[in-house]
Amino acid sequence: MLNRNHTGPMPFEADYLKLKSGDKVQFLASNIGHNAASIVGMMPEGASPFKGKVNEEILVEFTKKGFYGIQCVPHYGMGMVMLVQVGDASLDELVIPDAVPDAAKKRFQKIIERAKAKK
Ligand SMILES: [Cu+2]
């Protein structure tokens, strides 16, 4: 969780992770004032929502296969989000809910384009 990097202000770095079921991610408070929390409607069915406190370095285990949208709550409206993929689901199956703020939608689109270009 950073204030800025080459992708712009308020990023997660990395902003896309492809994991195997059971992998764990530690969210580091490299800059202060951020947190990591799941996004309602952007998780596989049956996955447990999570929400770290601001500046908290939570460890999250990802078990259910599919896509997880993750936000920094204070900067969600500025587009501070990242995408976690567990397993081999197609990025074309990912649906971004209407309730996601525009700046966050834009960042998700960029993340998806970059992830597709890598394949
Ligand atoms: Cu933030």
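Along the sequence shown, residues are numbered consecutively beginning with 1. Whatever order the structure lists ligands and atoms in, that order sets their numbers, starting from 1.
- Counting backbone and side-chain atoms alike, Met80 contributes an N/O/S atom closer than 2.8 Å to the Cu ion (ligand 1).
- The shortest distance between side-chain heavy atoms of Met42 and Tyr68 does not fall below 4.5 Å.
- In this structure, the side chains of Asn35 and Ile58 stay at 4.5 Å or more apart for every pair of heavy atoms.
- Using a cut-off of 4.0 Å between Lys/Arg side-chain N and Asp/Glu carboxylate O, Asp15 and Arg114 are scored as salt-bridged.
- Nearest N/O/S atom of His34 with respect to the Cu ion (ligand 1) is recorded as ND1.
- Looking at His75, its N, O or S atom nearest to the Cu ion (ligand 1) turns out to be ND1.
- Side chain of Lys110 to main chain of Thr7: no donor-acceptor pair is present (N/O by atom type, distance under 3.5 Å, no hydrogens or angles).
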